[in-house]
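Taking it in order: structure first as structure tokens, then the write-up.
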Amino acid sequence: VVVTGSDDHLWKMWALPDGNIIMTGEGHTDWLSGCCFHPSGTQLVTSSGDTTVRIWDFSKRGCILTLEGHAHAVWDCAWHSCGDFVASASMDSTSKIWDVNSERCRYTMCGHKDSVNSIEFLPFSNTVLTSSADKTLSLWDART
């Protein structure tokens with residue numbers, strides 16, 4: 001499976017090796033910057049220049065949740081290995097941890113002095129790694 005974004009703000013999921021389109025997602029209003037499969041493989045999270053993070057459900061064939069709260073474009077997104085949390089990295093110099101079940105931001109991580117360009121959870125832990133245009137990497141405890 002391959003997921004691609006396009007200039008028309010759609011993403012497409014392609015089957016390999018035949019190249020058939022499995023699903024198309026429409027909803028973001030600006031370019032797509034990141035995507036990550038849910039640990040169970042049943043959902044996808046995407047990030048966009050429209051300042052939002054969206055969660056897509058494959059069985060429902062559409063967006064089930066839009067997370068809003070960043071002031072600028074969102075560069076990257078990642079699922080926690082438990083599948084209940086999503087992390088986002090933004091041009092607004094912050095990162096956020098979102099609780100998917102309560103549909104709200106649990107934590108906002110501030111400290112970078114420039115755009116946060118990528119984010120990743122250490123598997124099976126509460127540790128988050130961010131990289132920034134300020135030329136630093138930061139390790140965060142998502143609980144604090």
Side-chain angles (χ1 to χ4, degrees), residues 1-6 9-25 27-28 30-144:
V1 173
V2 175
V3 178
T4 61
S6 66
H9 318 303
L10 298 174
W11 60 264
K12 294 178 181 169
M13 187 180 308
W14 307 82
L16 294 177
D18 59 13
N20 293 330
I21 296 176
I22 299 171
M23 185 176 162
T24 300
H28 282 296
D30 210 337
W31 42 267
L32 298 166
S33 54
C35 62
C36 184
F37 285 108
H38 186 279
S40 70
T42 59
Q43 295 178 335
L44 180 76
V45 62
T46 57
S47 54
S48 171
D50 67 9
T51 75
T52 68
V53 174
R54 288 182 179 255
I55 297 175
W56 309 83
D57 188 279
F58 300 141
S59 65
K60 295 181 177 157
R61 302 198 59 80
C63 179
I64 59 168
L65 180 59
T66 301
L67 301 169
E68 299 176 291
H70 282 291
H72 297 291
V74 182
W75 285 121
D76 197 21
C77 54
W79 281 102
H80 186 275
S81 51
C82 73
D84 292 330
F85 301 96
V86 166
S88 59
S90 174
M91 189 183 278
D92 66 11
S93 303
T94 69
S95 300
K96 293 183 181 289
I97 305 295
W98 304 89
D99 183 327
V100 176
N101 297 314
S102 68
E103 302 182 2
R104 66 180 181 87
C105 177
R106 204 47 140 7
Y107 307 107
T108 299
M109 297 174 287
C110 301
H112 284 295
K113 300 195 181 340
D114 206 339
S115 175
V116 184
N117 299 332
S118 68
I119 192 161
E120 188 68 40
F121 283 102
L122 179 66
F124 309 104
S125 79
N126 293 308
T127 302
V128 179
L129 174 67
T130 56
S131 67
S132 172
D134 66 13
K135 301 180 182 112
T136 65
L137 296 172
S138 292
L139 285 172
W140 309 82
D141 183 336
R143 298 168 297 181
T144 59

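The structure presented is a predicted model; accordingly, all values stated were derived computationally and were not measured.
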Using side chain to side chain contact (heavy atoms under 4.5 Å, CB included), reason through Thr127 and Asp141 one step at a time and then give a plain yes or no.
CA-CA 5 Å; Thr127 302; Asp141 183 336; over 6 Å; no

Verify side chain to side chain contact (heavy atoms under 4.5 Å, CB included) between Glu103 and Leu65, making sure each step is shown before the conclusion.
CA-CA 8 Å; Glu103 302 182 2; Leu65 180 59; 3.6 Å; yes

Can you check whether Leu129 reaches Ile119 side chain to side chain, under 4.5 Å on heavy atoms?
no

Go through the side-chain N and O atoms of His70 and Ser88 and say whether any donor and acceptor fall under 3.5 Å apart.
yes

Nearest heavy-atom approach of Ala73 to Gly49 is CB-CA, 3.7 Å

Should Val100 and Val86 count as side-chain neighbours, where that means a heavy-atom distance under 4.5 Å?
yes

OH on Tyr107 to CZ on Arg143, rounded to 0.5 Å
8.5 Å

Can you name the closest pair of heavy atoms from Val45 and Trp79 and give their distance?
CG1-NE1, 3.4 Å

Side-chain H-bond candidate by donor/acceptor type, Lys96 with Thr108, under 3.5 Å
yes

If you measure only the distance, is there a donor-acceptor pair under 3.5 Å linking the side chains of Thr46 and Arg54?
no

Nearest non-hydrogen partners of Cys36 and Cys77, listed with the distance
CB-O, 3.9 Å

Which residues satisfy the salt bridge (Lys or Arg N to Asp or Glu O under 4.0 Å) test with Asp99, sequence neighbours excluded?
Arg106

Looking only at heavy atoms, what is the nearest atom pair of Asp30 and Asp50, with distance?
CB-N, 3.4 Å

Side chain proximity check, Ser132 to Lys113, heavy atoms < 4.5 angstrom:
no

I'd like to check Met109 versus Val128 (side-chain heavy atoms, cut-off strictly below 4.5 Å). Are they in contact?
yes

Would you say Thr52 and Thr66 are linked by a side-chain donor-acceptor pair, where the criterion is simply a distance under 3.5 Å?
no

Any side-chain heavy atom of Trp31 within less than 4.5 Å of one from Ser33?
yes

With rounding to the nearest 0.5 angstrom, report the CG to CZ distance, Leu67 to Arg104.
12.0 Å

Can you see which heavy atom on Val74 is nearest to which on Ser47, and at what distance?
CG1-CB, 3.6 Å

Side chain proximity check, Phe58 to Leu44, heavy atoms < 4.5 angstrom:
yes

CD (Glu120) and OG (Ser131) are apart, to the nearest 0.5 Å, by 10.5 Å

Are side-chain N/O atoms of Ser115 and Trp75 paired as donor and acceptor at under 3.5 Å?
yes

Mind checking whether Ser90 and Val116 have side chains closer than 4.5 Å, heavy atoms only?
no

CD of Gln43 to NE2 of His38: how many Å apart, nearest 0.5 Å?
5.0 Å

Not counting sequence neighbours, list each pair that qualifies as a ring pair (Phe, Tyr, Trp, His ring centres under 6.0 Å) and has a residue in residues 80-102.
His80-Phe121

Side-chain donor-acceptor contact under 3.5 Å, Ser95 with Thr130:
no

Check for a donor-acceptor pair, side chain of Ser93 on one end and backbone N or O of Asp114 on the other, with a separation under 3.5 Å.
yes

Minimum heavy-atom separation for Asp92 to Ala71, with atom names?
OD2-N, 2.9 Å

